[in-house]
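Ligands are counted one by one from 1 in listed order, and the atoms in each one are counted from 1 as well.
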Amino acid sequence: MQNQIVFITGASSGIGAACAKIFAHAGAKLILAARRWERLQQLANSLDIPSEKIHLLQLDVCDRLAVESAIANLPSSWKNIDILINNAGLSRGLSKLQEGDFQDWEEMIDTNIKGLLYLTRYVVPGMVERNHGHVINIGSIAGHQTYPGGNVYCGTKAAVKAISEGLKQDLLGTPVRVTSVDPGMVETEFSQVRFHGDTERAKKVYAGVNPLTPDDVADVIFFCATRASHVNINEVILMPVDQA
Ligand code: NDP
């Protein structure tokens with residue numbers, strides 16, 4: 001992992017921030033992207049690695065032109081991305097489809113599907129050209145099991161599963177790897193974002209379950225990224241023991 005370039009979207013909190021820590025510890029160079037600049041700076045300051053091994057990007061993955069420009073304008077020493085972790089994502093609301101909020105739908109579809117597609121589209125050609133690379137998409141158990149009120153979020157994560165499988169097919173004949181890491185419940189800011197900052201409602205989500213930690217998920221992502229180069233882990237589902 002020494003000096004490999006790892007691009008992590010949604011690095012400002014939760015699973016993305018945990019990935020930053022584990023890959024930094026292993027000697028990687030990190031491109032950390034998210035919208036909240038101060039949070040990225042705090043994370044960078046907390047990582048015990050030289051500043052020249054971190055490149056911060058304030059980036060909204062939903063903005064295709066911004067993604068294109070961010071990738072095109074990376075300094076030359078940061079251009080050769082070895083690992084792309086498409087982690088930025090969110091859920092909004094829990095409501096019946098027939099009562100759903102259009103803004104919530106758009107945010108989920110734009111971030112979880114289109115954002116992931118934009119990053120992949122702009123980063124993967126360089127990997128193919130250099131004959132080296134790994135795309136790790138963060139899906140969810142929600143892409144395998146649909147729960148009441150989860151309609152659109154589950155749909156976006158089912159799309160991530162299909163896109164990961166499709167990309168794997170499209171990259172056959174190249175050494176570029178594709179993995180989907182699909183966690184169950186992880187305690188992060190995810191639930192607060194889902195309920196638009198309603199902390200009480202967010203806490204209730206974890207009642208009766210000992211959820212995964214962001215580090216649990218980052219560990220699995222790191223494992224997938226560090227197999228021998230001929231080994232592709234296509235998909236991993238990891239769940240809290242007590243989540244159905
Ligand atoms: P967090 O809310 O802690 O982190 C989400 C991250 O995504 C933040 O860093 C946020 O940064 C970033 N993000 C959201 N929208 C955008 C955007 N438009 N552009 C750039 N970055 C964005 O949640 P998690 O760590 O839990 O979520 C990470 C991934 O894991 C998501 O894809 C989620 O769907 C998935 N997941 C989470 C589970 C859970 O139970 N927590 C379970 C299964 C999967 P910022 O706001 O600064 O832009």
Side-chain angles (χ1 to χ4, degrees), residues 7-22 30-44 56-67 70-71 84-94 103-104 106-119 136-147 150 152-161 163-164 180-197 199 202-206 209-218 220-221 235-240 243:
F7 190 134
I8 306 170
T9 68
S12 59
S13 66
I15 297 167
C19 285
K21 286 178 202 144
I22 195 166
L30 303 174
I31 302 175
L32 304 177
R35 295 165 301 179
R36 287 172 296 174
W37 183 247
E38 305 73 31
R39 291 286 293 263
L40 287 177
Q41 284 181 316
Q42 281 166 15
L43 174 65
L56 302 185
L57 275 181
Q58 187 170 30
L59 180 66
D60 180 348
V61 297
C62 304
D63 182 342
R64 183 176 69 76
L65 295 179
V67 174
I71 304 297
L84 169 63
I85 304 179
N86 273 318
N87 164 73
L90 80 173
S91 179
R92 288 290 200 192
L94 258 186
Q103 177 67 30
D104 286 351
E106 275 158 25
E107 272 190 273
M108 290 187 276
I109 292 167
D110 287 353
T111 313
N112 303 356
I113 305 179
K114 288 161 85 178
L116 177 145
L117 286 173
Y118 298 152
L119 263 299
I136 302 179
N137 291 330
I138 310 308
S140 171
I141 188 61
H144 304 257
Q145 307 172 349
T146 306
Y147 47 82
V152 175
Y153 177 70
C154 295
T156 65
K157 291 300 184 178
V160 171
K161 176 174 160 36
I163 289 165
S164 300
S180 172
V181 174
D182 300 350
M185 211 176 270
V186 192
E187 191 160 12
T188 62
E189 293 172 26
F190 180 83
S191 291
Q192 282 182 49
V193 173
R194 163 180 275 171
F195 298 122
H196 298 275
T199 343
K203 267 192 222 148
K204 285 188 191 140
V205 170
Y206 305 109
V209 176
N210 184 10
L212 300 172
T213 67
D215 290 334
D216 295 329
V217 184
V220 170
I221 294 169
E235 182 178 82
V236 182
I237 297 178
L238 68 153
M239 300 284 288
Q243 184 182 353

Side chain to side chain, [X] and [Y], heavy atoms closer than 4.5 Å:
X      : Y      : result
Glu187 : Leu212 : no
Asp182 : Val236 : no
Asn86  : Ile138 : no
Ile15  : Phe190 : no
Leu116 : Val61  : no

Checklist entry - How would you list, by chain and number, the residues with a heavy atom under 4.0 angstrom from ligand 1? => result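 Contacting ligand 1 under 4.0 Å are Gly10, Ala11, Ser12, Ser13, Gly14, Ile15, Ala34, Arg35, Arg36, Leu59, Asp60, Val61, Cys62, Asn87, Ala88, Gly89, Thr111, Ile138, Gly139, Ser140, Tyr153, Lys157, Pro183, Gly184, Met185, Val186, Thr188, Glu189, Phe190.
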Checklist entry - salt bridge (charged side-chain N to carboxylate O under 4.0 Å, His left out) with Glu189: which residues, sequence neighbours excluded? => result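 Expected list: Arg36, Arg39.
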